[in-house]
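Input: a single structure, listed below in structure tokens.
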Amino acid sequence: MKIMNPATGSLIREIAESTPLEIKAKFERAFAAQGAWKKAGLDHRISCIQKFHDLLEKERETLTRDLTLEVGKPIQESNNELNGARNRIRFFLEQSKATLEPKPVRTEGGMKEVLGHDPLGVIANISAWNYPYLVGVNVFIPALIAGNAVLYKPSEFATLTGLHIERLLHESGIPNDVFTAVIGGASSGEELLKLPLHGYFFTGSYKTGRSIAEKVAHKLVPVGLELGGKDPLYVTDEIADLKKTANAVAEGCFYNNGQSCCAVERVYVHARVYDEFIRHFKEETLSLRPGDPTDRKFQQGSLTRPSQVAFLETQIEDAVKKGAKILAGGKRTGTQGAFFEPTALIDVDHSMQVMQEESFGPIIGIMKVANDQEAIRLMNDTEYGLTASVYSTNLARAESILSEVNSGTAYVNCCDRVSPYLPWAGRKNSGLGATLSTLGILAFTHPRGWHIRG
Ligand code: NAD
């Protein structure tokens, strides 16, 4: 498998993909090792994860360099991602013990009733490339703490990062067979689906997620799906500072080149503030410069998958053909690599792909709306339900609007944000189940009811 640098188009390294036989052997070893890992106890498992947390800091320079090399994000964003991952790990270190320890819930007539949690067994973590540390730690950290063994398939676009994660977990005291990386693309993922694993946890596109869920449904094991989004944001006519709002919205659209599941993908603006918002938004968009992701003077890096450039062009072409105008950007840029100008489209409507299908790139459609009812109708008008955001100084109005929008996350005066203390749970085609929060710890366990007389 060739590991390419998307910012230069050059080869970084070649790495052997795991063969079907190797993947089966990894599973058998994980199956044999999981029992001892469970018996090692919660305190021991937590202490290993603490070491992993510390090693991420110790190796920061290598990890952020390789992340930027293989996915093309600016080096400062790679550093932010590592900080975010360590922050999430601290949440799991702080909350896992209280969440997983058996809880006496009732004593009656000499009978003690206790709620316990057992690990699932050996689980698959099939992961994405856009935030490989963040989306990875959401799954493998609570899974390992709960006593599971993990077969971890990093995305083929984030293999170096996946191998670093495996190496550092082993250095932290996690036995080699309890956490194993499975290297490769779709076919390696398919091999995992054939094995009798005890849970499947997937981060990626709706199309792949649905096909995985269908293929493993007959096993009746837990399945978690963190899928894509077409996240809407509504700017009401009660805004204290439109320039500041335009700045925040542009960051929500263009951070990580829009390659975030919770990136803002559609913007609706109340007619009364539309013209002024558009003026500020154009300035913000034009101020972002794509370029060498290792050079801190550029805010935008390269897209990770070169094929995405043509996909964005298709969405823009479709929108323009149907009447949209380009407010800023609109085309690929640079002499090498997968660079694309941050792009804003206006005069868009819901017949256009750009307002319906996940773009997963630095392009955004902005639409004028007459009132809150129209905004609510349009915000609900896609197959996705990951996040939704409303900007307004009137908090009651913002909360009331969001209560009518079907999304797992509701943002008031903020966007493109994840907290480990809150569940991350897509609705509709955006996913199934939840990661993060205490729900995202329990997701890797089976509940057990203990009835104890004596
Ligand atoms: P993808 O679906 O192409 O791939 C995801 C993973 O699945 C990769 O490891 C890939 O190798 C593997 N895979 C592909 N085909 C497979 C198959 N047939 N069987 C088994 N495994 C298979 O997605 P991607 O391009 O890596 O990620 C981008 C998508 O992920 C976007 O839609 C984004 O919104 C979504 N995402 C969602 C969240 C969330 O938390 N909801 C977070 C990050 C990314």
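The shown structure was predicted, so the numbers you read here are calculated from the model rather than taken from an experiment. Remember, it's 1-based here, ligands and their atoms both numbered in the order they're listed. In what follows, residues are counted from 1 in the order of the sequence shown.
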Salt bridge K428-E383, side-chain N to carboxylate O under 4.0 Å: no
Counting only heavy atoms, which portion of [X] has something under 4.0 Å from ligand 1: side chain, backbone, both, or neither?
| X | result |
| --- | --- |
| F202 | side chain |
| W424 | side chain |
| N130 | side chain |

Aromatic plane relationship, F91 with Y421 - under 30° parallel, 30 to 60° tilted, over 60° perpendicular: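 Perpendicular: the ring planes of Y421 and F91 meet at over 60°.
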Output the list of atoms in ligand 1 that are nearer than 4.0 Å to some heavy atom of [X], sorted by atom number.
| X | value |
| --- | --- |
| E190 | 17 (C), 18 (N), 19 (N), 20 (C) |
| I126 | 6 (C), 7 (O), 9 (O), 12 (C), 21 (N) |
| V135 | 42 (C), 43 (C) |
| W129 | 24 (P), 25 (O), 26 (O), 27 (O) |
| A128 | 26 (O), 27 (O) |

Any nitrogen or oxygen of [X] lying under 3.5 Å from a nitrogen or oxygen in ligand 1? Just yes or no.
| X | result |
| --- | --- |
| T208 | yes |
| T203 | no |
| E226 | yes |

Got the closest protein heavy atom to [atom], with its distance?
| atom | value |
| --- | --- |
| atom 34 (O) of ligand 1 | E358 OE2, 2.6 Å |
| atom 9 (O) of ligand 1 | S127 O, 2.7 Å |
| atom 37 (C) of ligand 1 | L227 O, 3.0 Å |
| atom 35 (C) of ligand 1 | G204 O, 3.2 Å |
| atom 10 (C) of ligand 1 | E156 OE1, 3.5 Å |

Output field: ring centroids F201/F444 closer than 6.0 Å: yes
I49: side chain to side chain contact (heavy atoms under 4.5 Å, CB included) partners, not counting sequence neighbours: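 Expected list: I89, L93, I141, L144, I145, L169, I174.
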Shortest reach to atom 1 (P) of ligand 1 by a heavy atom, considering only S205, G408, G189, G185: S205
Sidechain-backbone polar pair: S172 side chain, F52 backbone, donor-acceptor under 3.5 Å: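 Yes; at least one donor-acceptor contact below 3.5 Å.
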Any donor-acceptor N/O pair, Q95 side chain to F92 backbone, under 3.5 Å: no
Distance-only side-chain donor-acceptor flag, E251 / N247, under 3.5 Å: no
